[in-house]
Structure formats: C-alpha cells, structure tokens
There are 2 protein chains.
Amino acid sequence: MQTSTTQPAAEGYPDELISSALFLLKRLGMTAKDESFRAYEEAGLHPYHYAILALLDEGVRETQGAIAQALGYDKGQLVGLLDELERAGFVERRRDTVDRRRHFVLMTPSGREALERLRRLSAELDERFLAPLTDAERDQLHALLLKLAQAHLPNCRKVAAISAAS
Amino acid sequence: MQTSTTQPAAEGYPDELISSALFLLKRLGMTAKDESFRAYEEAGLHPYHYAILALLDEGVRETQGAIAQALGYDKGQLVGLLDELERAGFVERRRDTVDRRRHFVLMTPSGREALERLRRLSAELDERFLAPLTDAERDQLHALLLKLAQAHLPNCRKVAAISAAS
DNA sequence: TATTGTTATACTCTATAACTATA
DNA sequence: TATAGTTATAGAGTATAACAATA
C-alpha cells in the first residue's frame, strides 16, 4: 500500500506520546509479550510454563494454590497450564496425604530438561530484544525496571532483600 | 488468606525471572496498561482516544486509513473508536469531495478541550507510575526505552529525526 | 462452614474476513 | 478490479462464579 499523493499522511505516533516513558513502556511491554509468546509457541510451550517450572526449581514443595499466588495467576487458569505440563511429562501432581484437598506439584527429570531449554530460549529473547543497548545500558535498564517493579508488582516485593544482597 | 503453617510457600516470582529485563518489561507494561485503562475509563475514554486526538492535533488532515496506520490500529477497530469520539462531539467525519470513499476526521473545539484534559491525565499517570525514580532516572529510562522503541515499534521509527534534533 | 482444586461461563480485546460504496 | 470504510464473526486471553471433595 503506497501513500496517497493527495494527502500528507501521518507517519507514526504523535510526538507527545513518544515523549511519555509510560507510553513507550506499555507499547514495548506488549510487543515483548507478543514476541515471547510466538517464540515459546514454537517450542510448544508458553512463558507461563517457564515461570511455573522456574518456580518449582527453587526447591520448595508447592501446592497449586501457592503457585498461583506466587506467580499472580488465576487458580482456574493454572489448572489448564498444569494439565499441559503434566501431559508433556514435565510435572506430576501428588495429593497431600495430611490434607487431601491439596496437591503438591513436582517437577520431573524431563521437566528439568525442558526448564534448561526454556532458560536458553529466555536468554536468547532477552539478548535479541535488548540488542540495541550496550551491556552497561542493559544493566541500567534492569535496575530502573526493578525499582518500578518493586513499587508496582506485588510479586516482586521480596526482591528488596535480593537487590540489597547482590 | 494467611499462609499455611504446614508448607513454606513461595512468596513471589522466581529470581531468575526477576533478573530478566524482558520479564520486568512485560509485566510492568501490562500493569501500566491496566492502570491506564482504569484511569481513562473514569474519564469515560480510553488511551486510544487520547492517541487519536493527539494525532489529529498535529495539524494534518487525516483520513481514517491514515490514522489507523499511524497508530498501528486495526481499521475495523478504529471505526468504533471514532464512533465513540463522534458521539461525544470530539471529532467529525467529513467526506472527501474528490474521492468520496474517503473520510477526513476533524477535531472539534470540545475535542480540543478533551485533549487538554487527557494530556493532564497522561502526565499524572506518568508521574504516579514513575514516582520511585528521580528526574535523572526518568530521563535515563525514557532514553533507553526510546532506543528500544526505535528498533521494535515500527511507528516510532520517525523519531530518529526528533531525537537527533533535540 | 471454609478451603483446594476443578469446571463452566462470560466478557474483553483483537484479528480476520465478508460487505458497501465508490473509484 | 481495487480501495476506504463498515460490519460481522471468530479467536485468544482472562476474570468470575458455580461445583465437588475434603477439612
């Protein structure tokens, strides 16, 4: 579709939007999400699956409710994600013997392998998306986003300890 | 809901996710989008309406197709947005007399007033969301996001000229 | 009666594609 | 035949709420 000759069409976002950090954050966040989804899809998984496996790898025996809370997912949504992971053989659900309403979720050996693959994929995506930035700029960006995350993402609050320690 | 005593539940995102700038960008972008939507909703509008009015304020006579292209919206989606703006009296559609398939979109005086209000709202939202950052850090963040935007957001490409000029 | 996990439902957002009127 | 705008449809993603089992 070539630009019409009878009218000088606008070529992109208005300047006043581009000069808003929040606007850029929203658009870039959506773009990053879309690109991630597509990339994970080629691996037959979703970023959510990666988050679940990464959480399980932290060593704590997690019930479904705890997983949903830690990742900020709806518990109904989590059921389907765990179904998929279980079908793929990456996790197992095991009933808690002392409280039979609860199910612990355990990662299997092949789940650990999948996690490794997902880690590499995640690193590639970071690398690709942040390619325009130098290493120093990437560190800057991460530090700034972390500050915002601690204020705005309830599930990032605990990082206060981490960032203080590192 | 208090944490159960029988199991040490995870309290938030896994560290490996938090250490990814892309992960934080995605989550913060979604949060920012949600908060913006809610705030604009109280004003009876959407961020998209602001984008459209801001574009029209740049002075060029825009057809609907040009608006959709400039903002990256689906043309079918734009129809509804313009309907709402027109119902509110903020824009008018006027047929192009030389090519009667086309409609120019013009902002009305009360549309200009609405734009002023939306600008104030947008500034407030930026201020509120970036509150954890100093002025210098906000500039840093904006510069970094702009670099990424020029690489990843097609409709931000033109800013190369702007940022070089400023 | 409250809680864990499951299922069903509905609602938003978006993408696609059919449709009209004009060219 | 192709294009500008409109309308209709379908899909993904998400949130809500009803439900069964257990406490």
Side-chain angles (χ1 to χ4, degrees), chain A residues 1-7 9 26-27 29-31 33-38 40-41 45-49 51-52 61-87 91-106, chain B residues 1-7 9 26-27 29-31 33-34 36-38 40-41 46-49 51-52 61-87 91-106:
Chain A
M1 178 220 288
Q2 68 273 21
T3 310
S4 158
T5 53
T6 61
Q7 44 135 4
K26 287 188 284 185
R27 293 318 269 217
M30 286 191 278
T31 301
K33 192 185 177 186
D34 291 345
E35 286 188 18
S36 294
F37 264 73
R38 259 196 303 280
Y40 281 79
E41 212 165 41
L45 292 169
H46 292 277
Y48 298 141
H49 292 128
I52 294 169
R61 280 200 139 202
E62 303 284 4
T63 62
Q64 296 191 198
I67 294 172
Q69 197 194 353
L71 299 179
Y73 298 164
D74 181 82
K75 65 178 179 174
Q77 187 185 0
L78 185 65
V79 172
L81 292 167
L82 289 177
D83 288 346
E84 290 158 0
L85 286 173
E86 200 166 28
R87 237 184 337 259
V91 304
E92 279 178 27
R93 275 185 261 226
R94 202 165 297 168
R95 243 202 164 83
D96 183 352
T97 49
V98 321
D99 183 343
R100 293 176 42 76
R101 290 173 304 182
R102 294 185 169 171
H103 291 261
F104 287 115
V105 181
L106 307 171
Chain B
M1 178 219 287
Q2 68 273 22
T3 311
S4 158
T5 53
T6 61
Q7 44 135 2
K26 287 188 284 185
R27 293 318 270 218
M30 287 190 277
T31 301
K33 192 185 178 188
D34 291 345
S36 293
F37 264 74
R38 257 195 304 280
Y40 281 78
E41 212 164 43
H46 292 277
Y48 297 142
H49 292 128
I52 294 169
R61 279 200 139 201
E62 304 284 5
T63 62
Q64 297 191 197
I67 294 172
Q69 197 192 352
L71 299 179
Y73 297 165
D74 181 81
K75 66 178 178 174
Q77 187 185 1
L78 184 65
V79 172
L81 292 167
L82 289 177
D83 287 346
E84 289 158 1
L85 285 172
E86 199 165 30
R87 233 180 344 254
V91 304
E92 278 178 27
R93 276 185 260 225
R94 201 165 296 168
R95 244 202 163 84
D96 183 351
T97 49
V98 321
D99 183 343
R100 294 177 40 77
R101 291 173 304 182
R102 295 187 169 169
H103 292 261
F104 287 114
V105 181
L106 307 171

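Just so we're on the same page: letters track the sequence lines, and every chain starts at 1.
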Expressed as a whole number of angstroms, how long is the span from [X]:[atom1] to [N]:[atom2]?
| X | N | atom1 | atom2 | answer |
| --- | --- | --- | --- | --- |
| A:Arg102 | C:dT3 | CZ | P | 11 Å |
| B:Glu62 | D:dA4 | CD | C1' | 15 Å |
| B:Gln69 | D:dG5 | CD | C1' | 15 Å |
| A:Leu78 | C:dT6 | CG | P | 8 Å |
| A:Tyr73 | C:dG5 | OH | P | 17 Å |
| B:Gln64 | D:dT7 | CD | C1' | 13 Å |
| B:Ile52 | D:dG5 | CD1 | C1' | 15 Å |
| B:Phe104 | D:dA4 | CZ | C1' | 12 Å |

(message) With no hydrogens and no angle check, just 3.5 Å: does a side-chain donor-acceptor pair link A:His49 and A:Glu84?
(response) yes
(request) Find the distance between OH (A:Tyr48) and CG (A:Leu71) and round it off to the nearest 0.5 Å. (result)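 CG of A:Leu71 is found 10.5 Å from OH of A:Tyr48.
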(request) Summarise how protein sits on nucleotides 12-23 of chain D as a single string, 5' to 3': B when a protein heavy atom is under 4.0 Å from the base, S for sugar-phosphate-only contact, - for no contact. (result) -SS-B----SBS
Under the side-chain contact (heavy atoms from CB on, under 4.5 Å) rule, collect the residues that match up with [X], sequence neighbours excluded.
| X | result |
| --- | --- |
| B:Arg94 | B:Glu92, B:Leu106 |
| A:Asp74 | A:Gln77 |
| A:Arg95 | A:Arg100, A:His103 |

(request) Give the angle between the helix axes at the two ends of the helix from C:dT1-D:dA23 to C:dA23-D:dT1, taking five base pairs at each end and rounding to 10°. (result) 30°
(request) Respond yes when some side-chain nitrogen or oxygen of A:Arg94 is under 4.0 Å from OP1 or OP2 of C:dG5, and no when none is. (result)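 A:Arg94 to C:dG5 OP1/OP2: no side-chain N or O under 4.0 Å.
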(message) Going by the rule salt bridge (Lys or Arg N to Asp or Glu O under 4.0 Å), which residues pair with B:Asp83 if we only count those two or more places apart in sequence or in a different chain?
(response) B:Arg93
(request) Would you please name every residue forming a side-chain hydrogen bond (donor to acceptor under 3.5 Å, both in side chains) with B:Asp99, sequence neighbours left out? (result) B:Arg101
(message) Under the rule for side-chain hydrogen bond (donor to acceptor under 3.5 Å, both in side chains), what residues qualify as partners of A:Ser36, not counting sequence neighbours?
(response)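 Only B:Lys26 meet the side-chain hydrogen bond (donor to acceptor under 3.5 Å, both in side chains) criterion with A:Ser36.
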(message) Among D:dT6, C:dG5, D:dA4, which nucleotide has an atom closest to any side-chain atom of B:Arg93?
(response) D:dT6
(request) Output all residues satisfying ring pair (Phe, Tyr, Trp, His ring centres under 6.0 Å) with B:Tyr40, sequence neighbours left out; order by chain, then residue number. (result)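 Once residues adjacent in sequence are excluded, B:Tyr40 has no partner under the ring pair (Phe, Tyr, Trp, His ring centres under 6.0 Å) criterion.
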